[in-house]
There are 2 protein chains.
Amino acid sequence: MNLIAEIFSQGAEIVTGQTVDSNAAWLSQQLTELGFSLKRHTAVGDDLPDLVDLFGEIARRADCCICTGGLGPTCDDLTAEAVSAASGVPLEFDAAAFAAIQAYYARRQRTMPEANRKQALLPAGALRIDNRFGTAPGFALQFERCWFVFLPGVPFEMKQMFDDWVRADLLQRFALRPDHLVTLRCIGLGESAIQEKLEPLALPPGAVLGFRAAPDEVQVKLLFPAEVPEAERRRVAAEAAARIGDYVFAVDGLPDVQGDLLAVVDAALNAGQYSLAVLETASHGLLAAKCLGRPWLQHAELRLNSAVAGAADAGEIRAEALANDLRAEQQTDFALVQLYAIDSGSFYDKDSGIVLYNALATPQGVVSRRLTAHGAGIHKQNQAALLALDLLRRYFQNSCL
Amino acid sequence: MNLIAEIFSQGAEIVTGQTVDSNAAWLSQQLTELGFSLKRHTAVGDDLPDLVDLFGEIARRADCCICTGGLGPTCDDLTAEAVSAASGVPLEFDAAAFAAIQAYYARRQRTMPEANRKQALLPAGALRIDNRFGTAPGFALQFERCWFVFLPGVPFEMKQMFDDWVRADLLQRFALRPDHLVTLRCIGLGESAIQEKLEPLALPPGAVLGFRAAPDEVQVKLLFPAEVPEAERRRVAAEAAARIGDYVFAVDGLPDVQGDLLAVVDAALNAGQYSLAVLETASHGLLAAKCLGRPWLQHAELRLNSAVAGAADAGEIRAEALANDLRAEQQTDFALVQLYAIDSGSFYDKDSGIVLYNALATPQGVVSRRLTAHGAGIHKQNQAALLALDLLRRYFQNSCL
């Protein structure tokens with residue numbers, strides 16, 4: 001018998017459609033991976049009677065509910081009050097929560113507005129969940145059948161608190177038999193092309209193959225039932241990776257997490273204590289922006305509105321020459337240069353493609369790669385940044401040129 | 001008395017988090033603009049008893065519900081069956097719906113799979129809603145208190161069917177009086193500080209004040225009942241804007257939409273056919289990246305790891321000198337320079353603040369502004385990019401230096 005979980009989102013901005021509720025999807029993925037059976041998402045606005053009714057309904061039908069939003073300092077943040085009204089548990093002033101809110105303002109050398117005092121009122125007996133990145137503490141409590149967890153609606157804070165505390169607490173609190181999820185993370189090949197390559201893949205009984213096209217990558221998800229042993233999971237994942245080829249840049253869940261493309265490149269550059277200089281064009285600053293906080297990026301240059309003309313060979317040769325020059329000039333271990341040409345139409349036309357000429361100067365010589373990017377301008381920009389980083393990833397993972 | 005509307009989404013991919021439910025947000029915006037009071041979003045998977053329960057609940061508490069998903073040809077598409085079970089209305093074969101499905105395949109010179117026949121089974125007496133772009137017809141029917149509208153989950157088909165028929169039908173069917181939403185968009189001041197400034201604001205009866213902290217701005221939402229005349233809405237919005245001060249960069253809904261900070265800056269630079277050069281440090285490429293596709297950005301430079309030391313005055317003087325130099329060198333109308341100093345600790349430490357020294361060289365001389373940014377590294381980076389743009393916005397909106 002599976003444990004039933006629900007997701008609940010509070011906020012007028014969600015129920016009136018000002019904000020797309022991406023928190024609900026993220027939390028559902030986490031709970032599904034933990035082994036819960038997800039049954040419902042519900043969102044309501046800032047109306048106290050609606051909130052009270054809803055908490056009462058969920059308390060009777062679910063084993064666990066993760067709730068986001070409504071923990072802020074303003075008059076339309078009603079979550080704690082509604083939980084108290086629904087459950088009959090009074091609100092109590094939590095001195096530790098209040099001290100954390102005061103410390104948040106003190107660190108920023110700002111005076112705490114009086115409104116924030118309200119965020120320290122939690123239902124009596126609730127577990128406080130500290131928020132390292134904002135003023136709103138979360139909390140958790142049992143109400144009838146259901147273990148309720150309340151987190152802020154700001155996605156960054158919510159995810160940190162789930163990762164810091166909630167996931168581990170749920171694993172302790174519930175007898176979960178999580179399925180095993182192995183994710184192959186791919187860049188440079190589309191979802192349907194990857195699906196075709198995987199059609200001959202044989203899966204163990206009960207295992208499920210899924211796909212997810214994220215903005216930065218395509219993920220192939222292999223979900224194995226709890227009883228499939230690790231050796232078998234490794235064998236199937238290796239076969240899938242071999243069929244897809246070197247578009248796979250990371251494999252998560254065996255059991256390590258390798259992370260996204262930047263994490264893979266970061267690990268390789270840090271391991272060798274290497275330095276990098278970049279010259280970007282089509283990515284328009286986004287390549288450098290993505291590398292915030294990476295000490296290996298020692299120099300970044302931007303050339304705006306600089307599409308190259310002429311034959312493809314000329315584009316690659318020019319990129320290679322610039323990469324060699326940049327490496328010599330900046331005295332870095334690596335230099336990455338991105339040039340591009342417009343296929344037809346304009347960069348910002350979603351029906352026009354661009355051709356990217358990426359070149360990487362290394363201690364062993366220069367390599368280059370010609371690629372294409374499509375879609376809206378911001379999509380091409382993002383692809384250009386990622387595909388430049390991917391040339392570094394390929395250099396390190398394929399070990400030789 | 002407002003009419004109550006809900007949004008319901010069916011599909012395992014939504015409830016397990018594989019897909020973010022953007023349909024719910026889009027439909028909520030449409031219904032809010034029509035004058036419905038949106039009360040709930042609910043999503044459930046492909047479970048018949050869950051669906052039957054849910055339709056029964058909604059039928060008793062809402063005046064209108066738009067439902068998406070579950071209209072496909074496969075065994076997990078259970079919407080019509082669940083509606084029939086909940087309402088007691090039998091399914092009937094709809095010959096016109098079937099002819100439309102057959103025509104869809106005929107136009108594509110493909111054979112209709114037998115499974116698609118099921119899509120022509122609609123609750124007896126329901127209104128059929130034709131789908132010009134896919135095989136799944138929609139339908140609508142009254143069940144207890146609620147007018148239910150069923151549309152496919154494919155966003156493109158759903159939106160076309162709403163625009164083609166549903167909106168006009170709702171306007172005829174219900175006596176709607178749309179509310180008026182005015183949004184004040186602010187940057188540089190936090191949500192609770194803004195709330196404090198607005199505490200003395202007197203609102204007309206029935207008007208509601210709300211707040212939304214988005215990553216790039218804080219929004220103050222003034223929701224006025226339909227009967228409040230435009231002159232009164234303008235007066236209240238102007239008073240709120242005056243209380244907040246020049247942190248307000250745009251006012252949407254009077255009735256024009258001015259857009260986000262970049263849109264406001266973009267409009268001002270385009271109106272004067274001005275050109276801009278930027279030198280960015282703390283924003284690490286993100287300022288240029290945000291300006292993708294804006295022809296006024298003619299030059300962008302990056303200085304990585306370049307925190308300045310020394311007294312605040314020195315930082316401002318240095319930024320102003322660099323801005324004048326950059327403007328002269330690049331021969332642009334404006335030059336924007338961003339320098340920063342680290343308060344204590346490191347840029348990437350969420351508890352350390354940075355001081356930003358932004359300077360703008362203009363045809364009338366140079367201005368500068370000292371600001372602070374806090375939070376995680378990527379939050380400081382984003383604030384640094386936005387606050388630099390905000391100096392341009394302030395130049396244009398405040399007209400004089």
Side-chain angles (χ1 to χ4, degrees), chain A residues 9 12-22 24-29 32 38-47 50 72-74 76 107-109 113 115-116 132-133 154 156 210 212 283-289 291-293 295 297-302 304-305 347-348 377-378 381, chain B residues 9 14-22 24-30 32 38-45 47 50 191-193 195-196 210-213 221 283-289 291-293 295 297-302 304-305 347-348 350-351 353 372 374-379 381:
Chain A
S9 312
E13 71 282 7
I14 289 174
V15 91
T16 60
Q18 299 292 310
T19 300
V20 173
D21 187 8
S22 60
W26 189 86
L27 284 166
S28 295
Q29 282 185 2
T32 301
L38 266 287
K39 286 286 189 181
R40 270 200 201 195
H41 295 182
T42 313
V44 303
D46 307 320
D47 184 89
D50 283 354
T74 61
D76 52 7
R107 282 196 302 273
R108 284 161 183 71
Q109 290 157 352
N116 289 77
R132 293 189 288 137
F133 297 98
V154 181
F156 178 73
R212 181 168 165 249
S283 52
H284 217 269
L286 193 60
L287 175 52
C291 297
L292 178 77
L297 184 63
Q298 296 198 345
H299 175 84
E301 283 176 35
L302 267 173
L304 307 180
N305 312 311
F347 187 95
Y348 309 103
I378 54 166
Q381 176 186 30
Chain B
S9 312
I14 288 173
V15 91
T16 61
Q18 297 294 306
T19 300
V20 173
D21 187 7
S22 59
W26 189 86
L27 284 166
S28 295
Q29 282 184 2
Q30 310 308 310
T32 301
L38 268 285
K39 286 285 189 179
R40 272 201 201 195
H41 294 182
T42 313
V44 303
D47 185 89
D50 282 354
E191 186 179 357
S192 44
Q195 190 179 2
E196 271 183 17
F211 299 90
R212 182 172 162 242
K221 306 233 168 207
S283 52
H284 217 270
L286 192 60
L287 176 53
C291 297
L292 178 76
L297 183 63
Q298 296 199 345
H299 175 83
E301 281 175 39
L302 268 174
L304 307 181
N305 311 312
F347 187 96
Y348 309 104
K350 68 180 171 53
D351 294 325
T372 56
H374 302 275
I378 54 166
H379 185 74
Q381 176 186 30

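Proteins come first, then strands; the chains are lettered A, B, ... in the order of their sequence lines, and each starts at number 1. Any value given below was found using the heavy atoms of this structure, including those in side chains, with hydrogens, waters and symmetry copies removed.
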Identify the two heavy atoms, one from A/Asn305 and one from B/Leu297, that lie closest to each other, and give their separation to 0.1 Å.
ND2-O, 3.9 Å
Which atoms of B/His299 approach chain A - backbone, side chain, both or neither, heavy atom under 4.5 Å
backbone
Where is the tightest heavy-atom contact between B/Ala288 and A/Leu302, given as atom of each residue plus distance?
CB-CD1, 3.6 Å
Which atom of B/Ala289 lies closest to which atom of A/Gly285, heavy atoms considered
CB-C, 4.0 Å
If you define the side chain from C-beta out and look only at heavy atoms, does anything of B/Asp21 sit under 4.5 Å from A/Val20?
no
When B/Glu196, B/His374, B/Glu301, B/Gln30 are compared by non-hydrogen pairs under 4.5 Å with chain A, the top option:
B/His374
Among the listed options A/Gly377, A/Gly293, A/Gly45, the residue most often paired with chain B at heavy-atom distances under 4.5 Å:
A/Gly293
Distance-minimising heavy-atom pair for B/Gln195 and A/Ala115
OE1-CB, 4.5 Å
Largest heavy-atom contact set with chain A, pairs under 4.5 Å, which of B/Ile14, B/Thr372, B/Leu27:
B/Ile14
Which pair of non-hydrogen atoms, one from A/Leu38 and one from B/Val15, has the smallest distance, and what is that distance?
CB-O, 3.4 Å
With a 4.5 Å cut-off on heavy-atom pairs, point out which of A/Ser9, A/Pro73, A/Ala300 contacts chain B the most.
A/Ala300
Begin from the C-alpha positions of B/Lys221 and A/Gln18 and carry the test side chain to side chain contact (heavy atoms under 4.5 Å, CB included) through to its verdict.
CA-CA 11 Å; B/Lys221 306 233 168 207; A/Gln18 299 292 310; 3.0 Å; yes
Could you tell me which portion of A/Leu287 (side chain, backbone, both or neither) has an atom closer than 4.5 angstrom to a non-hydrogen atom of chain B?
neither
Flag side-chain contact, heavy atom, 4.5 Å: B/Lys39 against A/Asp47
yes
Applying side-chain hydrogen bond (donor to acceptor under 3.5 Å, both in side chains), can you list everything that pairs with A/Thr19, at least two apart in sequence or on another chain?
B/Arg212
Please list, chain by chain and in numerical order, all residues satisfying salt bridge (charged side-chain N to carboxylate O under 4.0 Å, His left out) with A/Arg40, sequence neighbours excluded.
B/Glu57
What part of A/Gln298 gets within 4.5 angstrom of chain B, counting heavy atoms only: side chain, backbone, both, or neither?
backbone
About how many Å separate OH of A/Tyr348 and CG of B/Leu292, when rounded to the nearest 0.5 Å?
4.5 Å
Which answer fits A/Ala12, side chain, backbone, both or neither, if we ask what part of it has an atom under 4.5 Å from a heavy atom of chain B?
neither
About how many Å separate NE2 of B/His379 and CZ of A/Phe156, when rounded to the nearest 0.5 Å?
9.5 Å
B/Phe211, part contacting chain A, at a heavy-atom distance under 4.5 Å:
both
Any chance you could lay out the side chain to side chain contact (heavy atoms under 4.5 Å, CB included) test for B/Lys350 and A/Arg132, step after step, and finish with the verdict?
CA-CA 9 Å; B/Lys350 68 180 171 53; A/Arg132 293 189 288 137; 3.7 Å; yes
Can you see which heavy atom on A/Ser28 is nearest to which on B/Gly17, and at what distance?
CB-N, 3.6 Å
What's the separation between atom OG1 in B/Thr42 and atom NE2 in A/His41, rounded to the nearest 0.5 Å?
11.0 Å
Residues, nucleotides or ligands: over 12 heavy atoms within 6.0 Å of A/Leu304 CG
yes
Separation between CG of A/Asn116 and CD of B/Glu191, rounded to the nearest 0.5 Å:
9.0 Å
Is it the side chain or the backbone of B/Thr32 that comes within 4.5 Å of chain A heavy atoms, both, or neither?
side chain
